[in-house]
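Note sheet for the following structure.
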Amino acid sequence: MTQTLIVLDFETTGMSPDQGARPTEAARVRIVNDSIVDCYQSLMNAGAHAPRFITKLTGITNAMVREAPGVDRVMRELHEFVGRHPVVAHNASFDRQFLEAEWLRLGLPLASTVLCSLRVSRRLYPEVPSHRLGALVEYPPLPRRGCSHRALADAEMTAHLWLRMTADIAWHFRYREVPLDLMQQLQSISRNQAVTYLESYRGRRGLTEFTGS
DNA sequence: TGCCAGGCCCTCTTTAGGGCCTT
């Protein structure tokens, strides 16, 4: 069965749309089964001013944003691209609030399940000292290109992290494939329950899920 | 110059507090 996921990352002018922050850049990475099949990013002009420390963090200047396509166009295209596919983001509550705020402004619904790579990684890798995206992709190193804190680079890192987490589950718990509902449930239980859950889930699904003994 | 949000999650908890993570 084909499984498609859309990994998203936003760069913004601040931490919260409730405080007036708007997105300045969006990136999307499409994963089909266990492969990254395409990537895209676009700056966008929402007419919001980025503070100096944000420009320093992301490298995205107000001049760059002024020359970018309008936020409505970029967000409508993103809505069409995502459709009903599940969405993955690192610390998804952050990206979700901007996604929902911008789409709500345009009268567009969020029809997707939203999954959080940060929450899953905390359950799978409790021994890791930091679950920041930049730290996780070094533990051990994953493919990366571009600059951290740019949307596409971060979305690609998140995609590689997601694929590694599903591969690790498949390897350690002998799954032939890792269903999305397993990942969804995994992020909603406590860290202490994770291993027990992964083992019991395999049992409930039956022997056909085993890759071998 | 220093502070700003919100959700998650752990613990010296649950009638709370504080650290982590995102820009």
Side-chain angles (χ1 to χ4, degrees), chain A residues 6-29 41-66 68 71 74-75 78 87-105 110 112-139 142 144 146-162 164-165 183-198:
Chain A
I6 310 296
V7 181
L8 295 182
D9 188 79
F10 286 110
E11 303 305 318
T12 71
T13 61
M15 298 305 295
S16 171
D18 291 341
Q19 302 295 313
R22 301 293 299 276
T24 56
E25 187 174 54
R28 64 194 196 214
V29 174
Q41 83 169 350
S42 178
L43 290 163
M44 66 184 108
N45 183 2
H49 181 83
R52 194 179 305 170
F53 79 91
I54 291 284
T55 297
K56 193 173 177 184
L57 178 70
T58 64
I60 299 171
T61 65
N62 287 298
M64 290 163 66
V65 170
R66 276 196 297 273
V71 64
V74 174
M75 293 306 297
L78 184 61
V87 166
V88 174
H90 198 68
N91 196 15
S93 62
F94 175 84
D95 296 278
R96 180 179 189 149
Q97 63 175 341
F98 282 95
L99 195 63
E100 287 189 308
E102 295 299 330
W103 283 355
L104 182 65
R105 215 174 41 79
L110 170 61
S112 303
T113 300
V114 179
L115 299 156
C116 179
S117 55
L118 171 63
R119 293 175 71 176
V120 174
S121 75
R122 281 178 168 155
R123 284 149 181 78
L124 276 188
Y125 311 125
E127 74 282 8
V128 174
S130 169
H131 291 266
R132 284 186 301 109
L133 184 57
L136 283 168
V137 297
E138 296 297 334
Y139 191 88
L142 286 168
R144 60 190 299 179
C147 304
S148 292
H149 297 299
R150 286 301 297 267
L152 184 56
D154 286 358
E156 285 183 330
M157 282 192 278
T158 303
H160 284 295
L161 172 63
W162 190 263
R164 179 167 70 189
M165 292 194 296
M183 300 299 276
Q184 198 173 352
Q185 285 299 314
L186 190 58
Q187 68 172 17
S188 66
I189 60 176
S190 75
R191 195 170 67 183
N192 291 337
Q193 295 173 303
V195 170
T196 303
Y197 177 78
L198 287 165

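Quantities reported herein were computed from a predicted structural model and do not represent experimental measurements. Order of the sequence lines fixes the chain letters, A, B, ..., with proteins taken first and strands second; residue numbering starts at 1 for each chain.
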Quiz item: B:dT22 P sits how many Å from A:Leu8 CG, rounded?
Solution: 16 Å
Quiz item: Are side-chain N/O atoms of A:Thr196 and A:Gln193 paired as donor and acceptor at under 3.5 Å?
Solution: no
Practice problem: To the nearest Å, give me how far apart CZ (A:Phe98) and C1' (B:dA5) are. | Solution: 9 Å
Quiz item: Taking atom P of B:dC8 as reference, at what distance in whole Å does atom CG of A:Leu186 sit?
Solution: 16 Å
Practice problem: Using atom CD1 of A:Ile54 as one end and atom C1' of B:dT23 as the other, report the distance to the nearest whole Å. | Solution: 4 Å
Quiz prompt | Interatomic distance, A:Arg22 CZ vs B:dT22 P [rounded to whole Å] | solution = 23 Å
Practice problem: Using heavy atoms to find the nearest nucleotide of DNA chain B for A:Arg123 and A:Thr24 separately, return the residue whose nucleotide is more 5′. | Solution: A:Arg123
Self-check item: Test item: A:Thr58 side-chain N/O and A:Ile60 main-chain N/O as donor-acceptor pair under 3.5 Å
Solution: yes
Self-check item: Rounded distance (Å) that lies between atom C1' of B:dC3 and atom CD of A:Gln19
Solution: 12 Å
Self-check item: Gap in Å between the two C1' atoms, one belonging to B:dT14 and one to B:dG18, rounded
Solution: 15 Å
Quiz prompt | Nearest-neighbour nucleotide for the A:Thr12 side chain, B:dT23, B:dT22, B:dC9 considered | solution = B:dT23
Self-check item: Short side-chain N/O contact from A:Arg119 to OP1 or OP2 of B:dC9, under 4.0 Å
Solution: yes
Quiz item: For the pair made of CZ in A:Arg96 and C1' in B:dA5, what is the distance, rounded to whole Å?
Solution: 17 Å
Exercise. Identify which one of A:Ser130, A:Ser121, A:Ser117 satisfies the side chain to side chain contact (heavy atoms under 4.5 Å, CB included) criterion when paired with A:Leu136.
Key: A:Ser121
Quiz item: Can a side chain N or O of A:His90 be found less than 4.0 Å away from OP1 or OP2 on B:dC21?
Solution: no
Practice problem: Would you mind reading off the distance between A:Met15 atom CE and B:dG7 atom C1', rounded to a whole angstrom? | Solution: 11 Å
Quiz item: In a check of side chain to side chain contact (heavy atoms under 4.5 Å, CB included) between A:Thr158 and each of A:Leu118, A:Leu8, A:Val88, which one passes?
Solution: A:Val88
Self-check item: Nucleotide nearest A:Arg122 (side chain, heavy atoms from C-beta), chosen from B:dC10, B:dC20, B:dT23
Solution: B:dC20
Quiz prompt | Contact nearer the 5' end of DNA chain B, comparing A:His131 with A:Ser190 | solution = A:Ser190
Quiz item: Would you say A:Ser16 reaches B:dC4's phosphate, i.e. side-chain N/O to OP1/OP2 under 4.0 Å?
Solution: no
Quiz item: Choosing from B:dC21, B:dT23, B:dG7, which nucleotide comes nearest the side chain of A:Phe53?
Solution: B:dT23
Quiz item: Given B:dC21, B:dG7, B:dT23, which nucleotide is nearest the side-chain atoms of A:Asp154?
Solution: B:dT23
